[in-house]
Amino acid sequence: MALNWVQMKNHSVMLVAAYRRLIDEQPRGDGKAGTEVPAPAALVMGALAIEIAFKALICKQNNISETAQLRALRVSDGGHNLLELFGHLDAETQFLFTAGFDKHFTQNRETIIMTSLVLDEALVEEFLRPKSFHEELALASRTFVDWRYSYELDYVSAHISFMKYLVGRVSLLFGIPEDLRFSKPPTMHKKIRDGSGTA
């Protein structure tokens with residue numbers, strides 16, 4: 001199947017908009033919108049946006065135009081592993097993601113949150129320990145895989161601020177405006193939902 005990196009980039013942009021909408025509308029403990037509390041839908045959407053952005057950049061940098069060529073990279077977790085995908089980006093692109101990471105996390109440490117079905121003090125301490133970009137990415141690598149079915153796992157965690165950081169870097173790289181969010185479902189989805197169109 002033919003691949004077009006621009007179409008992949010545009011798909012990532014749509015997912016970023018959906019992610020932002022989901023993050024904006026998360027209810028806090030007091031029931032108000034605009035929270036740091038992770039929800040599976042937001043995490044899955046953010047991780048998928050990042051994954052497709054990485055794949056689009058890999059295709060562009062390596063002149064990949066066929067699905068088989070992308071699969072030949074043999075990325076684990078069904079092609080969803082963010083750390084392995086990141087390793088296929090060129091050094092200049094990797095730098096765009098790692099530059100400013102330490103400063104960002106020093107200033108935004110309080111936004112790092114953990115969600116767990118089984119709370120364990122040692123796990124919490126390890127989770128909150130400051131980490132390098134690559135350590136954070138290793139922890140986030142399976143976000144799309146794990147959070148789709150988080151209810152089946154005994155333990156699942158996420159750094160919301162790291163996901164926001166990655167989505168922010170994708171936004172900068174692709175020139176996505178900070179205020180881009182879906183205010184309503186795209187027209188095609190509305191037609192499918194109300195029966196006025198076909199899938």
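Here the structure is a predicted model, which means the values were calculated and not measured.
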Visitor: Do Phe101 and Leu57 share a hydrophobic cluster (ILVMFWY, side-chain heavy atoms under 4.5 Å, transitive)?
Guide: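 Yes; tracing contacts between hydrophobic side chains, which count when under 4.5 Å, links both residues.
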Visitor: Under 4.5 Å between side-chain heavy atoms, hopping through other hydrophobics if needed: is there a path connecting Leu96 to Val167?
Guide: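 Yes, it is one cluster - the side chains of Leu96 and Val167 are joined through contacts under 4.5 Å.
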Visitor: Just verifying a value: how many Å separate Met14 CE and Ile52 CD1, rounded to the nearest 0.5 Å?
Guide: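 So the gap between those two atoms works out to 8.5 Å.
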Visitor: Please name the pair of heavy atoms, one in Cys59 and one in Met8, separated by the smallest distance, quoted to 0.1 Å.
Guide: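 Closest approach of Cys59 to Met8, heavy atoms only: SG-SD, 3.9 Å.
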Visitor: For Leu15 and Met45, which heavy atoms make the closest approach, and how far apart are they?
Guide: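 Heavy atoms of Leu15 and Met45 come nearest at CD2-SD, 3.3 Å.
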Visitor: Applying side-chain contact (heavy atoms from CB on, under 4.5 Å), run through Met163 and Ile23 and close with a yes or a no.
Guide: CA-CA 11 Å; Met163 185 65 63; Ile23 284 294; over 6 Å; no
Visitor: For the residue pair Phe86 and Phe133, does the interplanar ring angle fall in the parallel (under 30°), tilted (30 to 60°) or perpendicular (over 60°) class?
Guide: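 Answer is tilted, since the angle falls between 30° and 60°.
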Visitor: Just verifying a value: how many Å separate Ser65 OG and Gln69 CD, rounded to the nearest 0.5 Å?
Guide: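 One finds 5.0 Å between OG of Ser65 and CD of Gln69.
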Visitor: Going from CZ on Phe144 to NE2 on His80, what distance comes out if it is rounded to the nearest 0.5 angstrom?
Guide: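 NE2 of His80 is found 5.0 Å from CZ of Phe144.
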Visitor: Is a side-chain N or O of Asn4 found less than 3.5 angstrom from the main chain of Gln7, in a donor-acceptor match?
Guide: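 Confirmed, Asn4 side chain pairs with Gln7 backbone.
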Visitor: Would Trp5 and Ile64 show up in the same hydrophobic cluster when neighbours are defined by side-chain heavy atoms closer than 4.5 Å?
Guide: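 No, it is not one cluster - the side chains of Trp5 and Ile64 are not joined through contacts under 4.5 Å.
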Visitor: Cut-off 3.5 Å, side chains only: do Glu84 and Ser141 have a donor facing an acceptor?
Guide: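 Distance-only check fails for Glu84 and Ser141.
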Visitor: Are Leu83 and Trp147 connected in the hydrophobic side-chain network, where two residues link if heavy atoms are under 4.5 Å apart?
Guide: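 Linked, Leu83 and Trp147 end up in one cluster.
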Visitor: Taking all non-hydrogen atoms of both residues into account, name the closest pair between Leu82 and Ala47 and its distance.
Guide: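 Heavy-atom minimum between the residues: CD2-O, 4.1 Å.
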Visitor: Would you indicate whether the side-chain heavy atoms of Leu137 and Phe162 approach each other to under 4.5 Å?
Guide: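 Counting from C-beta outward, Phe162 and Leu137 do come under 4.5 Å.
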Visitor: Output the distance between atom CZ (Arg169) and atom CD1 (Ile50), rounded to the nearest 0.5 Å.
Guide: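 Taking CZ in Arg169 and CD1 in Ile50, the distance rounds to 12.5 Å.
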Visitor: Would you say that Val170 contacts Val13 through its side chain, given a criterion of any heavy-atom pair below 4.5 Å between the two side chains?
Guide: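 Heavy-atom side-chain distance check fails, nothing below 4.5 Å.
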Visitor: Give me the atom names and distance for the closest heavy-atom approach of Ser12 to Ala49.
Guide: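 Result for this residue pair: OG-O, 2.7 Å.
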Visitor: Could you tell me the separation between the CG atom of Leu3 and the OG1 atom of Thr67, rounded to the nearest 0.5 Å?
Guide: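 So the gap between those two atoms works out to 4.0 Å.
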Visitor: To check you understand the geometry: which heavy-atom pair defines the closest contact between Ile58 and Leu85, and what is its length?
Guide: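 Heavy atoms only, the tightest pair is CD1-O, 3.4 Å.
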Visitor: Looking only at heavy atoms, which two atoms of Ser171 and Arg20 are closest? And how far apart?
Guide: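 Reported closest heavy-atom pair: OG-NH2, 2.7 Å.
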Visitor: To the nearest 0.5 Å, what is the distance between CG on Asn81 and CG on Asp77?
Guide: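 Answer rounded to 0.5 Å: 5.0 Å.
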Visitor: Please evaluate residues Leu43 and Asp146 with respect to the criterion side-chain contact (heavy atoms from CB on, under 4.5 Å), reporting the C-alpha separation (whole Å), side-chain torsions for both, the decisive distance (0.1 Å), and the verdict.
Guide: CA-CA 10 Å; Leu43 289 166; Asp146 290 345; over 6 Å; no
Visitor: Measure up the Phe54 and Phe97 rings against each other and bin them: parallel (under 30°), tilted (30 to 60°), perpendicular (over 60°).
Guide: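 Plane angle over 60°, so perpendicular.
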